[in-house]
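Shown next, in structure tokens, is the structure this report addresses.
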There are 2 protein chains.
Amino acid sequence: MPDIKHFDPDAALEAVVRLFWRQGAASTGIQDVVTATGLNRSSLYATFGGKQELYRAALRRYVEQRSEPAFRRLAEDERGLPAIADFFTGLIDARCSGEYARWGCMVSNAHAGAENSDPGVRAVLDRHHEQLREAMNAALVTADAREGLAPGCDPGTWADLLALLAYGVNLRSRAGADARDLSRTVTATLASLGSPAAP
Amino acid sequence: MPDIKHFDPDAALEAVVRLFWRQGAASTGIQDVVTATGLNRSSLYATFGGKQELYRAALRRYVEQRSEPAFRRLAEDERGLPAIADFFTGLIDARCSGEYARWGCMVSNAHAGAENSDPGVRAVLDRHHEQLREAMNAALVTADAREGLAPGCDPGTWADLLALLAYGVNLRSRAGADARDLSRTVTATLASLGSPAAP
DNA sequence: CTCAACTCGGAACGATCGTTCCAAGATAAT
DNA sequence: ATTATCTTGGAACGATCGTTCCGAGTTGAG
């Protein structure tokens, strides 16, 4: 039997996620990864392969651990519009304060960088977008059934809008946008979605 | 009197804009710039300074030549809502087809990259955002005066939303989003803005 | 205890990074 | 024509890039 790994690959990958998330792939060197994880190059390459593979793995981990849980919470929430409001509140909080303040969203960042020319990365981006759209749609359908949306509101179309709005929040938050400004915009948008007859 | 430049700095900077726009600052080497412009390193450094200065100059040129004319057209258009619709149509066209298809917006890209840690870059991003917001607001005020917006529509707040929506369009278009999908979302959004009594 | 199987530390690879430097060439005022 | 001033080509700088390789160390089954 061979020797066994002297480190936790999962913990190491999490450190790599934070590195790529904050700085992007192009601005992050292997030396940065070595320093941040404490691993040496041999273990890195043996476990994860080269830099591109490592970035893909980190991006997948980000989506699985950070995006998808939020999407699930949104889609499965039975409250409708308040669920969407909570989703955006949590998003803005995470983007503007705490440990990851001003890091933006790793997926949004990947959209804008040279990373997206990798087909594997592109697939993750597309899937992420579809999941976000679908979660928004589910919440809107719930909202429509529960309390009724404003007349002429198609859930599918509004799901598209809210998804794009989330990308906008992610982008602007990275450049230091004020959390209250973002919240005000989101709140007003959601208000125009609700039934005019609602309380 | 000294010798005079053997090249056109403006044309060179335009080539640099396209380079940084498409690939981002981190993925673009000085050698790429040398190759694309046809200049040699000496002329480059003597004219523009180092890479960071060059990137800032390119970003400023992009905003001046690509963004601000569109903002002015939007703000000065007397038609109101159709002006906003045209703005987005032009945006989506430019992002999804033609010479710059799938390049996204250089300003949006700068938001998501490591470029934005440079205070000079950050200032351009903030100014760009303020100009976009202000142009949207002007068009919305015009629209409100002309034909009336839907009840409860505050131009300032909707200007914020539409600005964030534009960033979303820029991001997703870089990852290959379908132009018609984007158009449908924008059209539906603008429709919910118009007065319900309008034709 | 042996040994095959694997990990780890670290040196080293060629390539490319951004930048600097200098000699040669070009220009226009004197 | 001379000269001061700037531009240009191109070599060269040290640093860092991503990646590979090998010897030494560690493990557990036989």
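Naming: A, B, ... by sequence-line order, numbering from 1 per chain.
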Out of curiosity, A:Leu44 CG to A:Lys51 NZ, how far, rounded to the nearest 0.5 Å? 12.0 Å
Return the CZ to CG distance between B:Phe87 and B:Leu190, rounded to the nearest 0.5 Å. 11.0 Å
Within the supplied structure, the quantity of interest is the number of heavy atoms (other residues, nucleotides, ligands) at a distance under 6.0 Å from B:Arg127 CZ; does it exceed 12?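 Atom CZ in B:Arg127 is not crowded, with 12 or fewer foreign heavy atoms closer than 6.0 Å.
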Please write out each protein N/O paired with an N/O of nucleotides 26-30 of chain C under 3.5 Å, distance rounded to 0.1 Å.
from   : atom 1 : to     : atom 2 : distance (Å)
C:dT27 : O4'    : B:Asp3 : OD1    : 3.4
C:dT27 : O2     : B:Met1 : O      : 2.8

Would you check if the side chain of B:Asp181 reaches a backbone N or O of B:Asp178 as a donor-acceptor pair within less than 3.5 Å? no
So, B:Asn109 side chain and B:Trp103 main chain: donor-acceptor pair closer than 3.5 Å or not?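 Checked: pair present.
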Once you round it to whole Å, what is the distance between [atom2] of [N] and [atom1] of [X]?
X	N	atom1	atom2	value
B:Lys5	D:dC6	NZ	P	11 Å
A:Tyr45	C:dA12	OH	P	18 Å
A:Asp8	C:dT7	CG	C1'	16 Å
B:Phe48	D:dT7	CZ	P	12 Å
B:Gln52	C:dT19	CD	C1'	14 Å

Taking atom types as modelled, find out whether B:Asn40 and B:Ser43 have a side-chain donor-acceptor pair closer than 3.5 angstrom.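 Yes, because at least one side-chain N or O of B:Asn40 sits under 3.5 Å from a partner of the opposite role on B:Ser43.
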Closest non-hydrogen atom pair between [X] and [Y], with its separation:
X	Y	value
B:Ala177	B:Cys96	O-SG, 4.0 Å
B:Leu39	B:Ala12	CD1-CB, 3.9 Å
A:Ser173	A:Arg95	OG-CB, 3.4 Å
A:Asp126	B:Arg172	OD1-NH2, 3.3 Å

Looking at five pairs on each end of the helix from C:dC1-D:dG30 to C:dT30-D:dA1, what is the angle between the two axes, given to 10 degrees?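 Answer rounded to 10°: the end axes differ by 10°.
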Sub-4.0 Å heavy-atom contacts from residues 21-44 of chain B onto DNA chain C, ordered by number: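 B:Thr28, B:Gly29, B:Ile30, B:Gln31, B:Arg41, B:Ser42, in order of number.
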Which is it for B:Tyr100 and B:Arg66 under the side-chain hydrogen bond (donor to acceptor under 3.5 Å, both in side chains) test, yes or no, and what are the steps along the way? CA-CA 12 Å; B:Tyr100 315 111; B:Arg66 314 255 175 191; 3.2 Å; yes
